[in-house]
Each structure stands twice: as structure tokens, then as C-alpha cells.
Amino acid sequence: MKISPSWLRDFVDLPVDFTRLADELTLAGVAVEGISGSGESTVYEMEITTNRPDAMNHYGVAREASALYDLPLRPIEPKLPAPQGKSDVTIDIQEPELCPRFTAREIRGATIKASPLNIAKRLQLIDQRPISNAVDATNYVLWESGKPTHVFDLDLLEGRRLIIRKARAGETLKTLDGVDRKLTTDDLVVADAVKPVGLAGVMGGFDTMITERTKNILIESAWWDPTAVRKMSKRHGLHTDASHRFERGADFESTVASTNRVAELILNSGGGTLVGDVIDVIARKIDLAPVELDLREVQRILGEKITALEINRILLRLGFVLTAGGEDRYLVRIPSWRLDVEREIDIIEEIARLHGYDKFANTLPAYVGEVVELPDAAKDTRLRSSLLSLGYNEAISLSFISKEDAKRFSTATELDLENPLSDEASAMRTSLVPSMLNMLAHNLNRGNENVRLFESAKAFEAVGEKSLERKQIVLGATGKVDEAVVRGLAGGAEARAFSFFDLKGDIEQLLSHFSQWELGYDAQTSDYYHPGRSARVVLDGVTVAQFGQIHPDVASSRKIKQDVFMAELYLDCLYQHDLCSVRYEVLPRFPVVERDFSFVFADAVEFEKLRQATTGLGIAELRGFRPVEIFRGEKVGAGKYSILLRAKFQSSERTLRDDEVAAWAGKITAALEGLGGVQRA
């Protein structure tokens, strides 16, 4: 937002130059992010927080400077001629909950022309395009005092009346930007006796706008419900300076003053006659509840005593009204433009920032006790350092996903947000997979084709009336693998595509940090994984992870054109196991005996079944059992594969005899044959 500091001088006599003013406003919480121009053409680029619409204008910033330097603030007092006759315009508020106040004023016989040079220059200085004296008057008042207003060509209003109502089914409105908008029954409109002439709080209508032929003008200034304006603005994809302020909360008491100010500017530049008194229809009052302020609480929160005189000075300059309510207590009446102040702590914050945060002594909070490490800190650190060493970069994403993704990637019941930012962020995430897919797609769309990311965060689910948070880690990988890096070579090897087995190796590396009795893999994975290129990890009978290639249909739905691999680690289950401690073990003195087994199996028989059948024999001297070669082809037959398995036997106490090794080999052969295997000659 742009503010002209020279414009501020209309309201307060600044005692400092523009550079120092920018620094001191920033320290007081009204941030000046940049300065451009020089002299009277100096412009501030300001960052005003969304809860401070009162400061999104020159008068609001001048009020801050007034409190900062303890200087009087000159009021905006329109000087109008005596009105002639009586206006026959009527206002009918049919939605008092959404429009509690509507103010209007009539001018007849005005001339529409270019704005005076001083008005046009000020608008141009803050990047506002001058249009005509009547339209510029509304823009000028918006940037002067922060109150959006609108002007109608009165002769184009049917029945010389305005009705504030809900739109009817099938109605349309051509807005000032020339777009025909189909209205819904949820839209609040300003209508004449026949048709809608404005989208309330957002934009006026094209058919009743001011043109060079306009002679008679109706000025309006209203207070609109912030939620209603926000929904309409979002529904129609129409964000305006007016909606930006109304959806954050406008000043209920400013409607008459802003209407009179617009009338003054139009009369001064275009002449005309002011007709009748101001039309001010109040359907219901909006009063801000007073707040009790205890000076002892101010000292407790801020850490030092600020005198009652200083507190009164600051709050009075900001527009608050204080009434003594007992010893060290005040009842504070909130000004109508400060909708963000609701509690005592809000007033204490106002005192602190205008007193000056830099004036508080630097102290550390008192603390008795000792630093206690979180229970899973060591496990978190071990996994994080391992992932970084494996070449993954840590990423952080929002905890919100769409309801569609929440159901697509998890069977858990999602937690819906009451006030979502958008439909794409309307639920707490039940899985980390959608967020990782979005981050991978974001990188790929920007030319980064080789990506390794991980995120450690929580997934949420509704359990009855409560919520359950589960800690997880998700890995995402796509692109090429530098073979030289994998093999530890100096160079010379070509890059290859990242594969399922690369990811499996990374998972095995992570799981190796945890104590385990039985680690196994099977194909029971979620349907968003590629069948046959994914696996579930079962550690001591509990599922601790699943990983693999994302199903091509899922990838293509997010416009990802290359293979994407992902892994999910369920830390609430994995952390039931302790970290492995490094222990020294004496190397065996006795030799290893190896035996090979060549079998043909049906494709449905996985190696995991072979491993379980072999280890289940309870042979204490069996130190290893792994596949050496796998072959498929015509000689083996369709739907089958040939596998060479190698068993390793060793004792730490003696040399093994041939007869006992042969007996163990016989048991293994029988177990494999029990799975339907046929031993090859």
C-alpha cells in the first residue's frame, strides 16, 4: 500500500523528516517497507497488517504519528453549503444483519469533468488513475480516510430508490469492469426499483455509473458485513480496494462524514446544488464493548511501570476514551474504527508499541529448572541426519489439503476447517503424500528434474469428537541417480533413472538404526502406489512403512510426466523400537559354510515367503539367506522364474561337520518344495 508523507501534513505537523518518520512508524508497528521519490513526491510502500484497516489510509497513519509525537490531529471537517429543498430518494434496507447502516446524499446540476490538479496529482502519486471529478472524489476519500464510497448517476436509478437485498435467482449485474456477472441468492446487492445496480461492498454497476452526461449524482456510504463481502469477493473472483477494506471491517460511524466529504469535493470542482439533508438509515447499531484496563496488569505484562499520565496520553491520541473505574483501573471505550481491539491485552499492546519497544530493557525471563530433551529427539535426529546424508533435502509444507485428497490418500476421517483459505486447503491433512506430490510437481514445473525431498510432520484424523495426531516422515524422489556417487567412484559412470530398488535401499538404511527381530516386506500397499513396484514394511509384526512408485494415474492427474517414488514411515509405530547401539562383537574363529539351492517357482511366490519359510526352521547356525540370481525365459516356462539361493552357515564355537550341514540343507530343500518349488538338477 502506498502512502504519501506530504499528504500526512494535512492532518499533523510532522516534527521530523520523511526518512526518520518511516523508521519510527515501523518501530511502532506501522511498517514502511520502502521509500521512493524525494521531497513532496516521496512515497512510502507500507505493509499494514490485515487487522488494521484503520491504518490503510493517510488519516489513519497520521493518527499514529500524532500519538507517536504527542501532537494534535486535525479533524476532517467538510464544509458544505446549505442544502436546497428536500431529496425524494428513499433507502430500503431489507437485510439489516448484513447492512446495518446506509447513508446517501443528493447533488443536482453538477458538471462532470477532470479533477482539479492537486487532487489528480495526489492520486497519481499513489498509483491511482484519475477518471473524473466525481469518481476521483470517492477514490480520494478512500485514500484519505479509508472509507469506501460510491456515486450513482441518479437519473439512471429506477424509482429514485435504493434497496439493499439479496439477489434473486437468475439476476445478472454488469459491474464497472464491464463483466456480466451471474448472481446467486447468496449475493447481497444494492438495487433500484427494478434491477441490481451494485455488488454490495465490492463494485458498482456499469449501467448507473458516472459519465460526462451525468448531471444529478447520488453519493452512498454504507457499512457491510465483512464475512458477506469476503464471500462475494471470492465467489466472483473480484478483489477491489473497497472489498479489501470492507472484508476487514470498516468504521461504522464514518458513513455520514465520508458522504459529506465526497459531496464537498464534487461541489468544489463541478458545482451543482446540494439537495436535502443527508439520508442516514440505521437498521441496527453496532457498538464496541468497553474494556477494563488494570494498570497493574500493564506493568505485569510489559515488565516495567508506565505512568498513568503516559498511558492516558497514548490512548487518547489514538481515539480511546478512558473513564476512571477505581484504584489503578480504567474503563476504556473503543473507537469505532478499531475493530481489532477486543480485550485488555489488545490495549496493552497499543500502549507498548506507542511507548516504544526500544525503550524496554533487555531482560531474560526467569526460569527455574533444567532443559529436558523430548522423548523422541534422538530418534528424530538419527533419521534426519541419515536422510540428509542419503541426499534428501528437508521440506516443509502446509498442514492443509483438499477434502478430495484427504479421502484419496487415507482411510482416516478428516478434520474440516471452519474458515478454510480455499477449497484446496479445506481440511487438516490425513496423509503427507499429497503435500509431497505438490512439492515434487512444483520443482518439476520449474525445470528441476532430479529431486530428493523429505518432510517430517504430523497427519491428523478425527476420532469421535477428538483429534488424533500421528507423526510421519514422507520421502519423495524422481529423476536420475549419479551412478558414480552411488558406487563411490571418482567418475566415468553414467547417470541412470531412480528406481524402486534405490528407494528400498534408502528405507533399509533408515530402518537399520532401530532394533528388530523380524523385518519383512509384502505387496499390501495403498492403491495410489504402482502394483508390483511397491512394498509394505512389516517390523516385528507391525506395519511401519510403505513405499514404491506412485501410480501413473495419480501422477498424471497432477501433471507429473516422469516416474515418482515415495515412501511413508509411520513413526508412532517405528518409535516403539529402540535405537540400535553400536556393540563390539568378536569375529568368528571358525569358517563359513555356504550351500546353493536352485529352484523354479511360480511368479506368485515371492522371495519374502522363501525367506520366512527358511528362517522359520529355527536353524541357529543359519547366518544368511539371500538370492544370487533370478532368470526368466522360455526354458523356465511362462509364469515361472528360476532362482539361485545361497545359505550361509557358521558357528561361533566350532567347525561345522558336513553331515549336519547336509541335514540343514535337506530341511531347507523340503521347506522350499513345500512352497511349490521344483529343484533344478
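Quick note: numbers below take in every heavy atom, side chains included, and nothing from hydrogens, waters or symmetry partners. Please read these numbers as outputs of a predicted model, since none were measured by experiment. One is the number of the first residue; the rest follow in order along the sequence.
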Counting only heavy atoms not in [X], do more than 12 fall under 6.0 Å of its [atom1]?
| X | atom1 | answer |
| --- | --- | --- |
| Asp88 | CG | yes |
| Arg9 | CZ | yes |
| Lys86 | NZ | no |
| Lys166 | NZ | yes |
| Arg284 | CZ | yes |

Residues [X] and [Y] bridged, charged N to O under 4.0 Å:
| X | Y | result |
| --- | --- | --- |
| Arg296 | Glu327 | no |
| Lys403 | Asp405 | no |
| Glu95 | Arg165 | no |
| Lys174 | Asp180 | no |
| Arg329 | Glu297 | no |
| Glu24 | Arg20 | yes |
| Glu40 | Arg122 | no |
| Glu77 | Arg261 | no |
| Asp92 | Arg161 | yes |

Given 3.5 Å as the limit, does a donor-acceptor pair link the side chain of [X] with the main chain of [Y], or not?
| X | Y | answer |
| --- | --- | --- |
| Asn268 | Glu264 | yes |
| Ser243 | Gly201 | no |
| Ser66 | Leu71 | yes |
| Asp346 | Arg343 | yes |
| Asp192 | Leu157 | no |
| Asp70 | Ala67 | no |
| Thr149 | Glu220 | no |
| Ser233 | Arg230 | no |
| Ser221 | Thr103 | no |
| Asp13 | Pro72 | no |

Fill in: Test salt bridge (Lys or Arg N to Asp or Glu O under 4.0 Å) applied to Arg317 and Glu350, step by step
CA-CA 11 Å; Arg317 289 293 186 199; Glu350 295 299 296; over 6 Å; no

Distance check, rounded to the nearest 0.5 Å: [X] atom [atom1] versus [Y] atom [atom2]?
| X | Y | atom1 | atom2 | result |
| --- | --- | --- | --- | --- |
| Leu80 | Asn260 | CG | CG | 5.0 Å |
| Phe246 | Trp223 | CZ | CH2 | 9.5 Å |
| Phe11 | Arg63 | CZ | CZ | 10.5 Å |
| Met203 | Leu238 | CE | CG | 4.5 Å |
| Ile301 | Ile351 | CD1 | CD1 | 11.0 Å |
| Leu331 | Leu293 | CG | CG | 10.0 Å |

Paired with His58, the ring pair (Phe, Tyr, Trp, His ring centres under 6.0 Å) test is passed by just one of Trp7, Tyr44, Tyr140, namely Trp7

For Glu106 and Ser87 the tightest heavy-atom approach is OE1-OG, 2.5 Å

Scanning both residues in full, the closest heavy-atom pair of Ala427 with Asp416 reads CB-OD1, 4.1 Å

Over-ring placement of Arg101 relative to Phe252, 6.0 Å and 45° cut-offs:
yes

For the pair Ile112 and Val135, evaluate side-chain contact (heavy atoms from CB on, under 4.5 Å) and give the outcome as yes or no after the intermediate values. CA-CA 9 Å; Ile112 304 302; Val135 176; over 6 Å; no

From CA spacing to verdict: salt bridge (Lys or Arg N to Asp or Glu O under 4.0 Å), Lys305, Glu310 = CA-CA 10 Å; Lys305 186 172 183 178; Glu310 171 73 353; over 6 Å; no

Could you check whether the rings of His150 and Phe152 sit parallel, tilted or perpendicular, using 30° and 60° as the cut-offs?
-> perpendicular

Exercise for the section: Indicate, with yes or no, if the rings of Trp337 and Tyr59 have centres closer together than 6.0 Å. Expected result: no

Next on the checklist: If you apply the rule salt bridge (Lys or Arg N to Asp or Glu O under 4.0 Å), what do you find for Glu404 with Lys407, and how did you get there?
Outcome noted: CA-CA 5 Å; Glu404 181 183 355; Lys407 291 180 170 62; over 6 Å; no

Quick one: do Arg235 and Asp187 satisfy salt bridge (Lys or Arg N to Asp or Glu O under 4.0 Å)? Show the steps, please.
-> CA-CA 9 Å; Arg235 185 159 51 243; Asp187 289 324; 2.7 Å; yes

